Chemist: 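Supplied in structure tokens, the structure appears directly below.
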Amino acid sequence: VETICPSGKLKHPSVLLCFQDWNRTWQTHNPDLTPCFQNTVLVWIPCLYLWLFAPLYILYLKRNDHGYICMTHLNRAKTAIGFTLWLICWADVFYSFWERSHGATIAPVYLVSPTMLGVTMLLATFLIQYERMKGVQSSGVMLNFWLITIVCATVTFRSKILHALNEPASVNVFKYTTFYIYYTMLLISLILACLSDQPPLFSQAVRDSNPCPESGIYNIFLHFVKALVITNAARRTSTVGEIVNLMSVDAQRFMDLITYINMIWSAPLQVILALYFLWQNLGPSVLAGVAVMVLMVPLNAVIAMKTKTYQVAQMKSKDNRIKLMNEVLNGIKVLKLYAWELAFKDKVSDIRESELRVLKKTAYLGAVSTFTWVCAPFLVALSTFAVYVLVDEHNILDAQKAFVSLALFNILRFPLNMLPMVISSMVQASVSMKRLRVFLSHEELDEDNVERPAISSCDVSFSLFRINVHIPEGAFVAVVGHVGSGKSSLLSALLGEMQKQEGSVSIKGSVAYVPQQAWIQNATLKDNILFGRDGKDSWYQKVVEACALLPDLEILPGGDSTEIGEKGVNLSGGQKQRVSVARAVYCNCAVYLLDDPLSAVDAHVGKHIFEKIIGPQGLLQGRTRVLVTHGLSFLPQADLILVMVDGEITEMGSYTELLGRQGAFAEFLHTYTNTEQEEVEESVGGEAGRFIAELLSSGTGKTPQKTEPNDVAAAKKTKSAEAARLTEADKANTGRVKLSVFWEYMKAIGLPLSIFSIFLFFCHHLSSLGSNYWLSLWTDDPVINNTQPNREMRLGVYGALGISQGNLRDIQIVVLFCYSVAVSVGGILASRYLHQTMLYNILRSPMSFFERTPSGNLVNRFAKETDTIDSVIPSIIKMFMGSMFNVLGSCAVILIATPLVAIIIPPLGLFYFFVQRFYVASSRQLKRLESVSRSPVYTHFNETLLGTSVIRAFGEQQRFITESDGRVDHNQTAYFPSIVANRWLAVRLEFVGNLIVTSAALFAVMARDSLSPGIMGLSISYALQVTASLNWLVRMSSELETSIVAVEKVKEYGDTEKEAEWRLEHSTLPAGWPTAGHIEIHNFGLRYREDLELAISDISVNIEGAEKVGIVGRTGAGKSSLTLGLFRIIEAAQGEIHIDGVNIAELGLHELRSRITIIPQDPVLFSGSLRMNLDPFDGYTDEEVWRALELAHLKNFVSGLPDKLNHECSEGGENLSLGQRQLVCLARALLRKTKILVLDEATAAVDLETDNLIQSTIRTQFEDCTVLTIAHRLNTIMDYTRVLVLDKGQMAEFDSPSNLIAKKGIFYKMAKDSGLV
């Protein structure tokens, strides 16, 4: 420094060193930095910054070329100003040389600094141009450079103005002028650096308008991929509920931890620094405070361990609840038909209660933990001050010591407040990590289970346990056997879905699979058939026609563009199965595995599909077809028949070979085949084909004609696009969250509890202010003989005030902290109330609601939104209240101490208000968008889980992974901007807070003569806190608004339409109703939606008690719709139904549904014991249950199970075959034994022998009951009293089977197709 600023050559000889003139910089009313410091350090700092970063920045730009930006006005302005600044610096250098040449003594600093600055400005100008060439629109490096330069120049700017005012004679006009021009140019450069240039041309980078962060995505991606490859056994251990929780709650835990991750190192660092400065201030007395902190560590370690245990338990309950809710939503139709809603509501509520009990314990623990950390700064302060003043009476607690220490204790408060959150977040993340590890470690399907040779003489060959089969290429193989004999397992083995123990399975060529229960996506009918393949119109037309879907396209509101609901809710069973077959046929594969696809369709339609698709002349001729079937009429056409018993192939051969052997198969055939053998031999074709064509075209009233290829297109055009829509996407509300939502939440907590909490909070902050005000008075006590006379009294009152503050401190629970107890208990009460209300409202919704609403929306409400209400909202309310009172208290203290601050607080308040409103509005809407875009992720995931075997069979895993990724990315595009908005807010709030601190300090200095040191210290210590409190207040007010959106979402289902009351208060229904089972249907009709045509209309029939009535008709004729009307799943649009003289429309739904019984088309089982599935209300004895199982032909099977009646059914009853599930549904009906029984295609999935047994059971056990049977197998209803034939939603025929056959109408044609006449 001596070389650059020699003391003899400067006007201030005292400035030997830049930092030496304390009279000028510190001990003065108007401080200023020395000229030497200004001309060296302040000039060199920006130069040093740019020269250090320039090489790295140039290298970075070289490697990251974003294209090229054309020269714009902005760029020209930046470059021109850069050159101007360089010229000004050189002007200063040349002027100094000119002065030197005229004999003036110039210090080297006046040559070195401008030269250095000039070269730096040249570098800055070069960088501006280089950035343009590399496509940089706005530069952080250059913005920082101009900011640092302007900050350094501002000090010199002020100094020069003061110098010009105080010593005008010594002003160097040229240098002052160049400096002011230089300063103006810097300001302009800074403003220009804030502006963004136009986008670059020829950019090689991917142009994504919504760049998306990867945080959290990888987690969801892993779950999705894993779910597609785990084995079926592993799939049963990880329920849908658990996997949904892993995706939503556990993935979120990691994202939450990232927020706190830097606190892990910064919190201890802040604590150490604060303690170091406290030691400097108060000496060894600080050790007393350290001791208090050390004592709290083991206590919190114990609490953290316990919290982890509770966290695991809570997540387990949450998994079970979501799993059960998922099943309830999947099987909602069955729950309604059986009137079981209340039983399952109680089951969900029981799990929820156990979850809330754990939540309450966690809250109590959290309270103890947080209370200790919140009290820590005060206890540290109290113990430190007490030791300091008591160890030596000459230790005086003056304003400097007290308030510097208090400021340091407040610095301590933040890391100590954050530590419990960090610990809690780490504990939660570690629990989630363990859960994720368990899921990701599940056993995966071995791709080698099935070998796929490139060249092979055979198409399919496999060698399993005692199974050896060789299927030639192009063969048609039929697989037959009783229920549970292993037919579907055989297909699973061929698909590689089962674990191979020994031997080999070899398949050549691509595989298509039609499962026994059709899996339908929530997409248009056409998309379901195309299944990701390219559209080929001519082939598509052929497939649709062959699958008998053309008449359905005419009925559907949007043709093949009609949206199909989740799990195909708006299709009948037969339609779903035909779409499933069409999907397989369209993909044109080498091998077709068909798991009994014809059982769900009517006999004549089944025959049509067999003839047009599966049979020797069908679309699949020449392909290898393996058909599991219970239909005997198809067997003569098979090249090979496999007969299965108990998982083994007992017989194998062609139809004639097996008949000739006179084995079990031949015996079975003779028992169940019509005596007129030639009918079976004829099998398919001939007249049957003409009949089906006639039937398919009967709706037009014209003679049968060949369907033109453009028929589908024509049908499509006539349908409206609006009618084709079914599901409603989750909608995001807009604008501010209504006050009614907050009011609802307060009511859910309980108004007295809410008001009491606010009052306690107010008391706490009042005592906090009181203790600090008392400290300021203490520091103002006079010092007599180097002691303060009232210190014991002052210390006692300070301690008392502080301890009362501790007791009312805001963070979590236990009686000790009344406020925390109130808020946490209130939060749990609100959570319980909102969950119960939502559950009740959803169960009360009609079936149309579930058809329109994707299950993902509902799962989202029960998973993520409920988790927000459980865990997030109570803690946010506490932090919001704390921040609000802190800010109000701080402003009050600052205003009382320095009233002049009142000048600056209103404009700052206004600025703050605008920032807050702008941020909250954006943040709230982003949160809503994020919530809404999360639902499709769950819906798609749920749908995929249900169809994993189909997706794997078709090899479509990658497409589904891509689709899931797209949905997750869409969700994250709303999540990421909310983080960016948070940073935007932080910058502005820091600015407001720093202005308040500056103002408080400035006005305190100005009023130093009239203020006591204690009050001034108090004011500034509160001003220092206000930045953090302001920051936290806005963040929390925003978080509160964005989180309360969860309450808004949960409450919205309270306003949707509801079913009729479950039970009427003043019911006059007799106890044993119905006693006769007499059903009178008069002019009855119903529609599925207000905007649709009547599905059935003008039906009038009179069914006597104990009559057996069959209901038949083509798929989609309205057979199931009639039963839905009988159970009031859909309310009548016209006419009425009377049972035993009582109009069913005047009954409570449960009164009606619990008195009549249905065996539904889709056998739905729930996870839980077998007994629970039969009798969820525990209304029957074990003997009665066993009797029902015996009559349902399940007694032997259940007796053989290790747990018998307590056998645990997996989710959806997947560990039972479809036929066994159907028999369980029969057992339910036998147990209820009501006067009216409805069978909705109940025996479609069982073999003929079991069907025969079931029919005989129904005939004997329900002899005195009215039985309505929707049948595909006409032989089961040929001995019924009467048959109702429906066609296109209207009654076509109604008479005894013999009379109908004699009339030779529709029924006669159907019977002839089935080989019965």
Side-chain angles (χ1 to χ4, degrees), residues 324-325 327-350 836 839-851 1057-1075 1077 1079 1086 1120 1122-1132 1137-1140 1142-1166 1168 1171-1180 1184-1185 1188 1224-1240 1242 1262 1265-1268:
L324 186 58
M325 267 320 299
E327 288 190 78
V328 166
L329 295 172
N330 285 343
I332 190 73
K333 189 172 177 182
V334 169
L335 290 193
K336 289 189 175 298
L337 289 169
Y338 287 125
W340 279 359
E341 294 103 323
L342 286 172
F344 278 82
K345 176 175 174 283
D346 293 342
K347 280 172 74 71
V348 173
S349 299
D350 289 345
Q836 285 299 87
L839 180 60
Y840 179 73
N841 282 332
I842 283 174
L843 290 175
R844 281 282 320 281
S845 299
M847 272 309 297
S848 56
F849 167 81
F850 296 97
E851 288 166 9
E1057 58 174 320
K1058 299 287 173 280
E1059 284 186 308
E1061 288 298 323
W1062 282 339
R1063 291 194 182 277
L1064 301 179
E1065 283 183 32
H1066 307 293
S1067 176
T1068 55
L1069 200 63
W1073 178 91
T1075 48
I1079 303 171
L1086 57 79
S1120 291
L1122 187 58
T1123 61
L1124 294 179
L1126 184 63
F1127 281 83
R1128 285 177 63 196
I1129 295 292
I1130 299 169
E1131 295 289 357
I1137 299 176
H1138 290 260
I1139 297 177
D1140 284 4
V1142 177
N1143 185 349
I1144 63 167
E1146 293 167 6
L1147 298 175
L1149 291 179
H1150 281 186
E1151 291 170 327
L1152 169 67
R1153 293 170 186 169
S1154 61
R1155 311 286 182 95
I1156 56 180
T1157 302
I1158 186 167
I1159 303 177
Q1161 190 173 2
D1162 296 324
V1164 175
L1165 265 62
F1166 300 94
R1171 198 190 194 298
M1172 187 281 294
N1173 271 290
L1174 292 166
D1175 176 26
F1177 289 102
D1178 284 331
Y1180 302 93
E1184 289 171 309
V1185 174
V1224 170
C1225 293
L1226 173 65
R1228 281 177 189 160
L1230 290 160
L1231 205 52
R1232 285 168 70 132
K1233 195 81 187 292
T1234 55
K1235 272 290 175 186
I1236 295 174
L1237 172 69
V1238 179
L1239 286 92
D1240 188 354
F1262 293 94
C1265 303
T1266 306
V1267 178
L1268 304 180

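Note that the structure is predicted; figures quoted are calculated from it, not measured.
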Chemist: Sequence neighbours left out, what passes salt bridge (charged side-chain N to carboxylate O under 4.0 Å, His left out) with Lys345? Give chain and number order.
Modeler: none
Chemist: Check side-chain contact (heavy atoms from CB on, under 4.5 Å) between Ala1060 and all other residues, then give those that pass, not counting sequence neighbours.
Modeler: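 Testing Ala1060 for side-chain contact (heavy atoms from CB on, under 4.5 Å), a comparison that skips the adjacent residues, returns Arg1128, Glu1131, Leu1149.
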Chemist: Is there a donor-acceptor contact under 3.5 Å from the side chain of Arg1063 to the main chain of Gly1148?
Modeler: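 Pair absent, no side-chain N/O of Arg1063 close to backbone of Gly1148.
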Chemist: Name all residues meeting the side-chain hydrogen bond (donor to acceptor under 3.5 Å, both in side chains) criterion together with Lys1233; count only those two or more places apart in sequence or in a different chain, and write none if there are none.
Modeler: none
Chemist: Tell me every residue that passes ring-ring contact (aromatic ring centres under 6.0 Å, His included) with Tyr1180, counting only those two or more places apart in sequence or in another chain.
Modeler: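 Listed in chain order: nothing, the list is empty.
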Chemist: Applying side-chain hydrogen bond (donor to acceptor under 3.5 Å, both in side chains), name anything that partners Glu1061, two or more places apart in sequence or on another chain.
Modeler: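 Checked Glu1061 against side-chain hydrogen bond (donor to acceptor under 3.5 Å, both in side chains); zero matches.
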Chemist: Which residues satisfy the salt bridge (charged side-chain N to carboxylate O under 4.0 Å, His left out) test with Glu1184, sequence neighbours excluded?
Modeler: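 Not a single residue meets the salt bridge (charged side-chain N to carboxylate O under 4.0 Å, His left out) criterion with Glu1184.
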Chemist: Could you list the residues that satisfy salt bridge (charged side-chain N to carboxylate O under 4.0 Å, His left out) with Arg1171, not counting sequence neighbours?
Modeler: Asp1175, Asp1178, Asp1182
Chemist: Using side-chain heavy atoms (C-beta onward) and a distance below 4.5 Å, is Ile1137 in contact with Leu1126?
Modeler: yes
Chemist: Flag the pair Leu843 / Ile332 as yes when at least one side-chain heavy-atom distance between them is below 4.5 Å, and no otherwise.
Modeler: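 Yes, close enough: below the 4.5 Å cut-off.
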Chemist: Measure across Arg1232 and Ile1156 and return the closest heavy-atom pair with its distance rounded to 0.1 Å.
Modeler: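 Nearest pair, atom of Arg1232 first, then Ile1156: NH2-O, 3.4 Å.
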Chemist: Test of understanding: with side-chain hydrogen bond (donor to acceptor under 3.5 Å, both in side chains), list the residues that count as partners of Thr1234, not counting sequence neighbours.
Modeler: Thr1157
Chemist: When the ring planes of Phe344 and Phe1166 are compared, do they come out parallel, tilted or perpendicular, using 30° and 60° as the limits?
Modeler: tilted
Chemist: When you measure from the side chain of Arg1155 to the backbone N and O of Trp1073, does any donor-acceptor pair fall under 3.5 Å?
Modeler: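 Between the backbone of Trp1073 and the side chain of Arg1155 there is a qualifying donor-acceptor contact (under 3.5 Å).
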Chemist: Tell me, do Asn330 and Val1164 make a side-chain contact under 4.5 Å, heavy atoms counted?
Modeler: no
Chemist: Please identify each residue that fulfils side-chain hydrogen bond (donor to acceptor under 3.5 Å, both in side chains) with Asn841, with sequence neighbours left out.
Modeler: none
Chemist: Which residues pass the salt bridge (charged side-chain N to carboxylate O under 4.0 Å, His left out) test with Glu1151, not counting sequence neighbours?
Modeler: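 Residues passing salt bridge (charged side-chain N to carboxylate O under 4.0 Å, His left out) with Glu1151: none at all.
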Chemist: Would you check if Ser845 and Glu1057 make a side-chain contact, meaning some heavy-atom pair closer than 4.5 Å?
Modeler: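 Side-chain contact under 4.5 Å: no.
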Chemist: Between Leu1147 and Ile1139, is any pair of side-chain heavy atoms under 4.5 Å apart?
Modeler: no
Chemist: What residues form a side-chain contact (heavy atoms from CB on, under 4.5 Å) with Arg1228, not counting sequence neighbours?
Modeler: Val334, Tyr338, Trp340, Leu1165, Asn1173, Leu1174, Cys1225
Chemist: Which residue pairs satisfy the salt bridge (Lys or Arg N to Asp or Glu O under 4.0 Å) criterion with at least one member in residues 327-339, sequence neighbours excluded?
Modeler: Lys336-Glu341, Lys336-Glu1059
Chemist: Has the side chain of Asn1143 got a donor or acceptor atom that lies under 3.5 Å from a matching backbone atom of His1138?
Modeler: no
Chemist: Is the closest side-chain heavy-atom distance between Val328 and Leu335 below 4.5 Å?
Modeler: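 Yes, at least one pair of side-chain atoms sits under 4.5 Å.
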Chemist: Tell me the closest heavy-atom pair linking Asp1140 and Gly1077, and the distance in Å.
Modeler: OD1-N, 3.0 Å
